[in-house]
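Below: the structure, in structure tokens.
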2 protein chains.
Amino acid sequence: MTEPDAVPDLPWTVAAFAARTGVPPTTLRYWDDEGLLPAHRLDNGHRRYGPDDLPRLEMVRMCQGLGCTMDEVRLVLDAPDPAARARFAAEKLPEVLGRIELLRVAADVLRHVAVCEHTDATSCGAWMRSVLEPPGERPDLRAG
Amino acid sequence: MTEPDAVPDLPWTVAAFAARTGVPPTTLRYWDDEGLLPAHRLDNGHRRYGPDDLPRLEMVRMCQGLGCTMDEVRLVLDAPDPAARARFAAEKLPEVLGRIELLRVAADVLRHVAVCEHTDATSCGAWMRSVLEPPGERPDLRAG
DNA sequence: GCTTGACTTCGAGTCAACTCGAAGGTGTGC
DNA sequence: GCACACCTTCGAGTTGACTCGAAGTCAAGC
């Protein structure tokens, strides 16, 4: 006897899921179309979401926070095996750690700027030392 | 007796500055036009850059790394007084600190994913706990 | 003076990630 | 059946940060 297919729990329309998660309806539809966060479909074609979609949404959010493109998000979420995911993680980790370090530097700079009385942002010696003496090869800080 | 205007040291054309800094020539011209990194001009209209432009470039880079829009970069770099800059810094600092914390979480996740053998990225209990139990109000991680 | 490789401006294009409005379908309550 | 609030797709628009190509100028070397 084979197990019957589990009926997924799908209480949320696009609007409901948007309200629950803060992601705009247009974005949810866009993400579904783009394969980022696929939606279930009723017989009438309407999208439905359930609690099982929340983890993937969180992972989409985390990847976006890491500056991943949508291609990269799909890649990691839809990787055919753990090895592909592990490769992605191994590549991203040094990048993330480097970003953390540079954000620390930026935080120090901001702490200083918050109390600095110099007339020009670039004429402050303490700030210039922190900015112009990078710890090493400087990765691009911009996301994406 | 008033001091004579100092003659700025301007050894670099757009191409030279681009080669020195890694910023593409089109981007330097664009940044100049947008007021992000203003260039000096020779009598013939050609742009020239000097060592004095490097600190501002680094600050542009740092602000971009913080996810600032170009409007924000201009605002902080061209702020009329230290108080305006301090306000900007005071607003950005908590954001940066929050970003650091979330990147730490993401780094933990990536460390786990790098060794995880689960068949699906969202079916890993350790990862789901870290993602679904956020430390508090969760700011948007995306830059900008 | 000509050639060549740089420079300039200008208008438009590219890219990624959305967002919008039009047109039509669906389902509920009256 | 009608009204209304939702749903769908589709094509195009928006936004921000660039990037490109055309047309013309500038300057150095021959």
Side-chain angles (χ1 to χ4, degrees), chain A residues 10-50 53 56-57 59-78 140-144, chain B residues 10-50 53 56-78 92 140-144:
Chain A
L10 299 170
W12 298 309
T13 63
V14 169
F17 198 57
R20 193 183 197 291
T21 60
V23 182
T26 54
T27 305
L28 288 172
R29 280 189 277 262
Y30 177 65
W31 284 355
D32 175 27
D33 294 343
E34 295 291 324
L36 218 65
L37 182 64
H40 312 270
R41 293 293 184 126
L42 301 184
D43 287 344
N44 62 7
H46 287 196
R47 292 176 177 85
R48 284 294 186 275
Y49 297 89
D53 296 305
R56 182 163 176 133
L57 170 61
M59 198 147 184
V60 169
R61 276 181 161 144
M62 189 195 78
C63 291
Q64 287 190 326
L66 298 181
C68 299
T69 63
M70 291 171 70
D71 280 346
E72 282 174 322
V73 175
R74 275 189 298 264
L75 183 92
V76 66
L77 289 187
D78 300 330
D140 191 344
L141 251 188
R142 279 170 294 173
Chain B
L10 299 170
W12 298 307
T13 62
V14 168
F17 199 58
R20 194 184 195 292
T21 60
V23 183
T26 55
T27 305
L28 289 172
R29 280 189 277 261
Y30 177 65
W31 284 356
D32 175 26
D33 293 343
E34 296 292 325
L36 218 65
L37 182 64
H40 312 270
R41 291 294 185 124
L42 301 185
D43 286 346
N44 62 6
H46 288 195
R47 292 175 177 84
R48 283 292 185 277
Y49 298 88
D53 296 306
R56 181 162 176 134
L57 170 60
E58 290 307 317
M59 199 147 182
V60 169
R61 277 180 160 145
M62 189 195 78
C63 291
Q64 288 190 325
L66 298 181
C68 299
T69 63
M70 290 169 72
D71 279 344
E72 283 175 319
V73 177
R74 275 190 298 262
L75 183 92
V76 66
L77 289 187
D78 301 331
K92 270 290 174 185
D140 191 343
L141 252 188
R142 277 170 295 175

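Residue numbers begin at 1 in each chain, while the letters A, B, ... track the order of the sequences.
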Among the nucleotides C/dT19, C/dT9, C/dA17, whichever has the atom closest to the side chain of A/Thr26 is C/dT19
Which of C/dT19, C/dA6, D/dC18 is nearest the side chain of A/Tyr30? It is C/dT19
Check step by step if side-chain contact (heavy atoms from CB on, under 4.5 Å) holds for B/His46 and B/Thr13. CA-CA 8 Å; B/His46 288 195; B/Thr13 62; over 6 Å; no
Problem - Sugar-phosphate only, base, or nothing, as touched by A/Arg47 at under 4.0 Å among non-hydrogen atoms - result: sugar-phosphate
From CG of B/Asp32 across to C1' of C/dT8 the rounded distance in Å is 11 Å
Whole-Å distance, A/His46 NE2 to D/dT9 P, equals 9 Å
Rounded to whole Å, the CG-C1' distance (B/Asp43 to C/dC7) equals 15 Å
SB check A/Arg47 A/Asp53 (cutoff 4.0 Å): no
Quick note, A/Val14 side chain, CB onward, closest among C/dC7, D/dT8, C/dA17 is D/dT8
Compare side-chain N and O positions of B/Thr13 against OP1 and OP2 of C/dC7 and report whether any pair is under 4.0 Å apart.
yes
Taken to the nearest whole Å, CD/A/Glu72 to P/C/dC15 is 17 Å
- Hey, does B/Arg41 reach any base, or is it just sugar-phosphate, or nothing, if we go heavy atoms under 4.0 Å? sugar-phosphate
| message | Can you see if the side chain of B/Asn44 gets near the phosphate of D/dT25 - specifically, an N or O under 4.0 Å from OP1 or OP2? | response | no
Whole-Å distance, B/Tyr49 OH to C/dC7 P, equals 11 Å
Between NE2 of B/His40 and C1' of C/dC7 the distance, given in whole Å, is 17 Å
| task | Kindly say whether A/Ala15 contributes a backbone atom to a donor-acceptor pair with the side chain of A/Arg20 at under 3.5 angstrom? | result | no
**OP:** Could you tell me whether A/Arg29 and A/Asp32 make a salt bridge, using a distance below 4.0 angstrom between a side-chain N and a carboxylate O?
**Re:** no
Q) Would you say the side chain of B/Phe17 lies within less than 4.5 Å of the side chain of B/Leu57, judging by non-hydrogen atoms? A) yes
* To do: Would you indicate, yes or no, if D/dT9 has its OP1 or OP2 atom less than 4.0 angstrom from a side-chain nitrogen or oxygen of A/Arg29?
  => no
For B/Pro11 and B/Gly50 the tightest heavy-atom approach is CD-CA, 3.8 Å
For C/dC18, does either OP1 or OP2 sit under 4.0 Å from a side-chain N or O belonging to A/Gln64?
-> yes
Of the candidates D/dA17, D/dT19, C/dC7, the side chain of B/Thr69 sits closest to D/dA17
Between CG of B/Leu28 and P of D/dC18 the distance, given in whole Å, is 11 Å
Of the candidates C/dT19, D/dA27, D/dC18, the side chain of A/Thr27 sits closest to C/dT19
Closest to the 5' end of DNA chain C, once A/Pro24 and B/Pro25 are matched to their nearest nucleotides, is B/Pro25
Considering only heavy side-chain atoms of A/Trp31, the closest of D/dC6, C/dT8, C/dC18 is C/dC18
From CG of B/Asp33 across to C1' of D/dT19 the rounded distance in Å is 13 Å
